[in-house]
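Data block below; observations after.
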Number of protein chains: 2
Amino acid sequence: MSIIRNFDKKLRSVGLRPTRQRLDICEVLFDRKETFHFTIDDLRKILKTKLHTKISIATIYNTINSFKHKGYIKEISLNSEKTYFDTNVTNHHHFYNETTNELIDFHDSDVEQLKLRKNLPGKKIKSIEVLVKVANK
Amino acid sequence: MSIIRNFDKKLRSVGLRPTRQRLDICEVLFDRKETFHFTIDDLRKILKTKLHTKISIATIYNTINSFKHKGYIKEISLNSEKTYFDTNVTNHHHFYNETTNELIDFHDSDVEQLKLRKNLPGKKIKSIEVLVKVANK
DNA sequence: AAGCACTTTAGAATCGTTCTAATATATTGA
DNA sequence: TCAATATATTAGAACGATTCTAAAGTGCTT
């Protein structure tokens with residue numbers, strides 16, 4: 001059972017046709033052990049240089065937006081010029097290195113007791129994200 | 001001692017000349033009891049409709065960027081099309097209502113034990129921000 | 001009041017992202 | 001297998017927030 005086959009299923013199961021472009025993007029995003037943080041431009045460069053595949057910028061945006069809506073990736077809440085995405089969709093948080101623009105994961109278990117004392121009546125909590133900004137000493 | 005006088009001092013103390021434009025912007029941002037969350041466009045509208053003052057968009061951006069660098073306001077880490085600023089520069093966090101795009105403060109004391117177990121050698125922590133995304137039920 | 005530094009301004013430029021509508025590809029059903 | 005239909009891709013235009021440019025205006029010092 002090839003990886004391609006898996007991605008094929010992964011796409012079909014959420015109603016997306018497994019096109020060459022989407023399979024290539026899956027390969028970059030999901031064929032790896034570690035969490036992957038990326039911008040659209042990062043992804044575009046990897047597709048070009050590592051996979052030698054040319055996908056139009058519109059398709060890259062379309063695909064990434066689909067994947068986000070389907071829950072395969074998530075957008076990181078962070079104010080930078082570019083939007084960062086994360087292939088790790090589990091509950092976790094980030095260090096953001098302002099010197100290098102690098103993102104590093106940390107897990108719920110790395111924070112003590114993230115319990116809110118305040119609640120908002122009539123609202124439901126969608127997510128809780130912690131962002132720790134750091135700089136090189 | 002007028003408010004204008006105070007803003008005059010506030011500006012001079014960080015090396016900014018108290019121009020009409022900057023004083024008008026100070027009035028909108030700082031002449032209020034509550035925390036103020038705003039986008040550039042919010043500010044522009046208030047200047048126009050409430051103060052009946054016309055300030056070029058370039059000046060609004062320049063001033064807000066100066067105020068940010070001087071520590072009089074801060075930018076909120078949040079991925080939305082527009083950048084949000086906050087006149088509350090103390091340690092605190094935000095609820096972001098995705099239904100209404102509204103921001104609501106909550107304080108350090110509203111979160112239990114925000115202590116990190118993980119640390120990054122060779123880095124210094126600049127800020128810790130918690131963002132709780134909510135939606136209307 | 002003159003001179004200099006700083007500030008404001010309109011409009012152009014930039015850049016990330018989305019839109020458009022024409023072309024191509026995948027899927028379905030006969 | 002071969003249309004017919006639905007979905008996807010694409011180049012390039014458009015958009016929108018923000019920054020840049022360089023010319024004109026203002027505030028401050030002497």
Point to revise | Strand contacts (DNA chain D) in residues 47-59 of chain B, 4.0 angstrom heavy-atom criterion | key: B/A58
Point to revise | Cation-pi geometry met for B/K123 and A/F95 (6.0 Å, 45°) | key: no
Check your understanding: With a 4.5 Å limit on heavy-atom distance, are the side chains of B/I73 and B/F36 in contact?
Key -> no
Exercise for review: Can you figure out which of C/dT27, C/dT8, D/dT10 approaches the side chain of A/N62 most closely?
Suggested key: D/dT10
Check your understanding: Between A/H37 and A/D42, is any side-chain donor less than 3.5 angstrom from a side-chain acceptor?
Key -> no
Practice item. Please tell me if the side chains of A/L103 and A/L78 come closer than 4.5 Å, counting only heavy atoms from C-beta onward. Key: yes
Point to revise | Note, A/V14 side chain near A/F67 side chain (heavy atom, < 4.5 Å) | key: no
Practice item. Ignoring backbone atoms, test whether A/Y61 places a side-chain nitrogen or oxygen under 4.0 Å from the OP1 or OP2 oxygen of C/dT17. Key: yes
Review point. On DNA chain D, nearest-nucleotide positions of B/R20 versus B/N65: which is more 5'?
Key: B/N65
Review point. Side chain of A/R17: nearest nucleotide among C/dA26, C/dT8, D/dT19?
Key: C/dA26
Practice item. Under the side chain to side chain contact (heavy atoms under 4.5 Å, CB included) rule, collect the residues that match up with A/N101, sequence neighbours excluded. Key: A/Y84, A/Y96
Study note, to complete from the structure: To the nearest 0.5 Å, atom OH of B/Y72 lies from atom CG of B/L16 at 8.0 Å
Exercise for review: Taking only heavy atoms on the protein side, list every residue of residues 77-85 of chain B lying under 4.0 Å from any atom of DNA chain D, sorted numerically.
Suggested key: B/E81, B/K82, B/T83
Practice item. Evaluate whether atom NZ of B/K50 has more than 12 neighbouring non-hydrogen atoms of other residues, nucleotides or ligands under 6.0 angstrom away. Key: no
